[in-house]
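A quick note: this is a predicted structure, and the numbers were derived from the prediction, not measured. Atoms considered below: every heavy atom in the structure, side chains included; atoms not considered: hydrogens, waters and symmetry mates.
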Amino acid sequence: QVQLVESGGGLVQAGGSLRLSCARSGRIFSIYAMGWFRQAPGKEREFVAAVMRSGSITYADSVKGRFTISRDNAKNTVYLQMMSLKPEDTAVYYCAASKAAVVAAPGYDYWGQGTQVTVSS
């Protein structure tokens, strides 16, 4: 089992920044991909960013150039630095872990509880 705990969400004005953290514990040696997803009210969960064990990184077009995913292996933590935030970025953000090199949500085996990000206009 792998446990994931997100933190860092909150309320921010449009144009502002936030950094989300995802602390990992458990059988993390089995994990190949770490991803961030988000779900806004009334919408389906959508992919935001992912980083593979190889170091390969993928972003959704909607966040490319504004968000940065990174990891600190010594701290077993994955980050999502979010800049130039827009009201449409408002959502619950989830950290997820997969044993495979995947991007789509169904491929992820473990999920955190989510952290709310609200961007006011």
Side-chain angles (χ1 to χ4, degrees):
Q1 288 290 335
V2 173
Q3 293 78 42
L4 305 171
V5 179
E6 302 100 332
S7 61
L11 174 64
V12 64
Q13 289 188 334
S17 301
L18 280 175
R19 188 178 78 159
L20 305 183
S21 299
C22 174
R24 312 178 298 173
S25 62
R27 298 171 64 88
I28 58 176
F29 59 86
S30 66
I31 297 305
Y32 191 87
M34 292 295 302
W36 285 96
F37 295 80
R38 66 186 182 187
Q39 188 167 17
K43 295 187 177 182
E44 293 187 354
R45 189 170 298 188
E46 65 173 356
F47 168 77
V48 175
V51 57
M52 305 298 158
R53 187 188 295 168
S54 63
S56 175
I57 289 175
T58 304
Y59 294 101
D61 288 342
S62 58
V63 307
K64 205 170 291 184
R66 300 188 299 123
F67 290 11
T68 302
I69 188 171
S70 63
R71 63 188 180 190
D72 185 331
N73 291 331
K75 295 183 178 180
N76 290 327
T77 301
V78 177
Y79 302 97
L80 185 68
Q81 178 68 51
M82 305 184 294
M83 303 179 65
S84 302
L85 283 162
K86 305 175 182 179
E88 51 263 43
D89 293 319
T90 295
V92 177
Y93 282 71
Y94 297 90
C95 174
S98 173
K99 300 175 184 177
V102 294
V103 171
Y108 282 76
D109 304 288
Y110 306 100
W111 292 83
Q113 82 287 352
T115 185
Q116 176 71 47
V117 172
T118 302
V119 184
S120 63
S121 57

Student: Partners of Phe47 by ring-ring contact (aromatic ring centres under 6.0 Å, His included), sequence neighbours excluded?
Tutor: Phe37
Student: Each residue besides Tyr79 in its hydrophobic cluster should be listed here, by chain and number; the cluster joins Ile, Leu, Val, Met, Phe, Trp and Tyr at side-chain heavy-atom distances under 4.5 Å.
Tutor: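 Grouped by the 4.5 Å side-chain rule, Tyr79 forms a cluster of one, so the answer is none.
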Student: Which atom pairs, donor and acceptor, lie under 3.5 Å between side-chain atoms of residues 11-20 and protein residues at least two apart or in another chain?
Tutor:
none

Student: Between atom CD of Glu46 and atom OH of Tyr94, what is the distance when rounded to the nearest 0.5 Å?
Tutor: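 One gets 12.5 Å once the value is rounded to the nearest 0.5 Å.
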Student: Evaluate the criterion side-chain contact (heavy atoms from CB on, under 4.5 Å) for residue pair Val117 and Met82; output intermediate values, then yes/no.
Tutor: CA-CA 10 Å; Val117 172; Met82 305 184 294; 3.9 Å; yes
Student: Listing request: all salt bridge (Lys or Arg N to Asp or Glu O under 4.0 Å) pairs with a residue in residues 50-65, at least two apart in sequence or in separate chains.
Tutor: Asp61-Lys64
Student: Please round to the nearest 0.5 Å and tell me the distance separating atom CZ of Arg45 and atom CZ of Arg38.
Tutor: 13.0 Å
Student: State which residues pass side-chain contact (heavy atoms from CB on, under 4.5 Å) with Ser121; sequence neighbours excluded, sorted by chain then number.
Tutor: Pro87
Student: Is a donor on one side and an acceptor on the other found under 3.5 Å between the side chain of Ser98 and the backbone of Gly107?
Tutor: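 Pair found, side chain donor or acceptor close to backbone of Gly107.
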Student: With a 6.0 Å cut-off (strictly less than), is the heavy-atom count around CD of Gln113, excluding the residue itself, greater than 12?
Tutor: yes
Student: Do you reckon Tyr108 sits in the same ILVMFWY cluster as Val92, going by side-chain contacts under 4.5 Å, direct or chained?
Tutor: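 As far as the 4.5 Å side-chain criterion goes, Val92 and Tyr108 are connected within one cluster.
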Student: Tell me which pairs pass disulfide (SG to SG under 2.5 Å) where either residue lies in residues 16-121, with sequence neighbours left out.
Tutor: Cys22-Cys95
Student: Any side-chain heavy atom of Met83 within less than 4.5 Å of one from Thr68?
Tutor: no
Student: CG/Leu80 to CD/Glu6 distance, rounded to the nearest 0.5 angstrom?
Tutor: 11.0 Å
